[in-house]
Amino acid sequence: MNNEKQFFSQYAARAAVLSLIEEVELTPKPGLVDSANTGSHSDLTIHLMRKSAESLKDTFTEMASVSYGISPSQTLREEIAEIGRKGEKIMYEVTGGINTHKGAIWALGLLVSAAAMGKGSYTIGKIVTKAGETARFPDRYCPIVKTNGGRVAIKYGVNGAKGEAQQDFPHIMRFSLPMLKRVRSQGRSEGDAQLHALLALIAHLDDTCILHRGGAEALSFAKNQAASLLNSGNFSELENLNDEFTRRNISPGGSADLLAATLFLDKIQANKAVNEFRKEYEYIH
């Protein structure tokens, strides 16, 4: 592996892992594991979520490495899928069989791969476009296993994680990323910006994790509550909302995965800006 390829692959993997850790540490979140409690998850802890995220570093590094400087193709789609399945096995070994980040491996894996295609030079728009193009190729070697997300997507006629990626991550581009940047521009804290981004996702996403646990009624409740909080700006109600989500067994896990993906894209964009400044500086001097 040449130096630039190795450096970017490791950087992208670190950014992906850090984004997963930032997501879980964001507090307070409704129905999700955070530094205060475990939300609707009796089988998870923040320590386990951190360990799971850190275990995926080599998976993301390998995905970036095989994608570096090349274009989307069925061969690449199948190659990163196989790497992802190996990453899932590592995750399950670390967590004792608990699914902590399966959805995140899918979303972040595609985005890490797409960012590596451009060697770190792609805009966010180009990254999600390339990720979507990759996701639309079939994986001929994918084991035929019914998943909760897949069953729910069919039952309720929603996109799920697969459709979100295949459509170029519309909820990130329309809702979470603009919200993240808008709240930052208002001089608010990074935590506030990330919470706003998460609530924007919960308010708009047909989250299959919520549908799996509570059906259409739970999804409608979660969307309405998130939208109401965003409109009122009364974030002191988040702890009460967490209690209500926990009571109703609601966990917006799909929204959490997309928040981590949003944070990853934001980090990659920042890296692109640093690289452009460095090139300009080297040219001038």
Side-chain angles (χ1 to χ4, degrees), residues 1 5 8-9 12-13 16-17 20 52 55-95 97-119 122 125-173 205-209 211-212 253-254 257-258 260-261 264-265 268:
M1 191 187 299
K5 180 178 178 179
F8 182 81
S9 298
V17 170
L20 289 173
S52 172
S55 76
L56 297 173
K57 182 180 176 183
D58 289 346
T59 297
F60 292 132
T61 301
E62 190 176 353
M63 286 179 171
S65 179
V66 301
S67 306
Y68 192 80
I70 67 175
S71 298
S73 67
Q74 184 166 328
T75 299
L76 178 61
R77 165 74 177 85
E78 291 167 345
E79 194 167 2
I80 63 172
E82 180 58 29
I83 296 168
R85 284 190 282 272
K86 289 191 296 182
E88 285 179 19
K89 290 181 180 178
I90 293 169
M91 174 195 75
Y92 283 125
E93 288 171 3
V94 167
T95 64
I98 301 171
N99 177 10
T100 46
H101 288 119
K102 185 173 181 178
I105 293 172
W106 163 255
L108 279 169
L110 285 166
L111 294 172
V112 165
S113 171
M117 291 177 197
K119 302 179 181 180
Y122 283 168
K126 189 73 173 286
I127 290 171
V128 297
T129 297
K130 291 294 184 181
E133 188 177 340
T134 304
R136 290 189 290 272
F137 282 103
D139 176 8
R140 296 169 296 180
Y141 306 107
C142 182
I144 302 175
V145 178
K146 290 186 177 181
T147 64
N148 292 331
R151 281 190 291 265
V152 166
I154 293 171
K155 180 178 179 179
Y156 293 99
V158 298
N159 283 330
K162 184 177 180 180
E164 180 74 16
Q166 290 176 336
Q167 294 179 17
D168 303 350
F169 294 94
H171 285 84
I172 292 178
M173 299 305 288
L205 182 70
D206 290 329
D207 195 316
T208 55
C209 293
L211 284 169
H212 169 64
D257 290 341
L258 289 185
F264 170 76
L265 287 168
I268 289 295

Y92 and I98: side-chain contact (heavy atoms from CB on, under 4.5 Å), yes or no, with the steps?
-> CA-CA 6 Å; Y92 283 125; I98 301 171; 5.9 Å; no
Could you walk me through whether S65 and S9 pass the side-chain hydrogen bond (donor to acceptor under 3.5 Å, both in side chains) check?
-> CA-CA 6 Å; S65 179; S9 298; 4.6 Å; no
Yes or no on side-chain contact (heavy atoms from CB on, under 4.5 Å) for T134 and I80, after CA distance, side-chain angles and deciding distance?
-> CA-CA 10 Å; T134 304; I80 63 172; 4.0 Å; yes
In sequence, state the C-alpha distance, the side-chain angles, and the governing distance for F169 and L265, and then conclude on side-chain contact (heavy atoms from CB on, under 4.5 Å).
-> CA-CA 11 Å; F169 294 94; L265 287 168; 6.0 Å; no
Using the side-chain contact (heavy atoms from CB on, under 4.5 Å) rule, take I127 and F264 through it: C-alpha gap first, then chi angles, then the decisive distance, then the call.
-> CA-CA 11 Å; I127 290 171; F264 170 76; 5.5 Å; no
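Counting all heavy atoms, side chain and backbone alike, V112 lies closest to A16 at CG2-CB, 4.0 Å. For the pair T59 and G87, the tightest heavy-atom approach, listed with the atom from each and the gap, is OG1-CA, 3.3 Å. Annotation for A116 and A64: closest pair CB-O, 3.3 Å, computed over non-hydrogen atoms. The heavy-atom pair separating A261 from I172 by the smallest distance is CB-CD1, 3.7 Å. Scanning both residues, G69 and K119, for their nearest heavy atoms gives CA-CE, 3.7 Å. Of all heavy-atom pairs between D207 and G253, the closest is OD2-N, 3.7 Å.
Looking at heavy atoms from C-beta onward, I90 lies out of side-chain contact with L56 at the 4.5 angstrom threshold. Counting heavy atoms from C-beta outward, L205 and L258 have side chains that approach closer than 4.5 Å. Residues L211 and K155 fail the side-chain proximity criterion, which asks for heavy atoms closer than 4.5 Å.
Atom CD of E79 and atom OG of S113 lie 9.5 Å apart (nearest 0.5 Å). A distance of 8.5 Å separates NE2 of H101 from CE of M91, quoted to the nearest 0.5 Å. Distance check, rounded to the nearest 0.5 Å: OH of Y156 to OG1 of T208 gives 11.5 Å. Atom-to-atom distance recorded for S52:OG and I105:CD1 is 7.0 Å, nearest 0.5 angstrom. Interatomic distance, CE of M63 versus CG of L110, reported as 7.5 Å (0.5 Å rounding). For the atom pair T61 OG1 and F8 CZ, the distance stands at 11.0 Å (nearest 0.5 Å).
Looking at residues two or more places apart in sequence or on another chain, you find a side chain to side chain contact (heavy atoms under 4.5 Å, CB included) between Q74 and E78, F137, P138, R140.
Side chain of N159 to main chain of E164: no donor-acceptor pair is present (N/O by atom type, distance under 3.5 Å, no hydrogens or angles).
A salt bridge links D168 with R136: at least one charged nitrogen is closer than 4.0 Å to a carboxylate oxygen.
Shown are K5, K86, K57, R85; of these, the salt bridge (Lys or Arg N to Asp or Glu O under 4.0 Å) with E62 is made only by K86.
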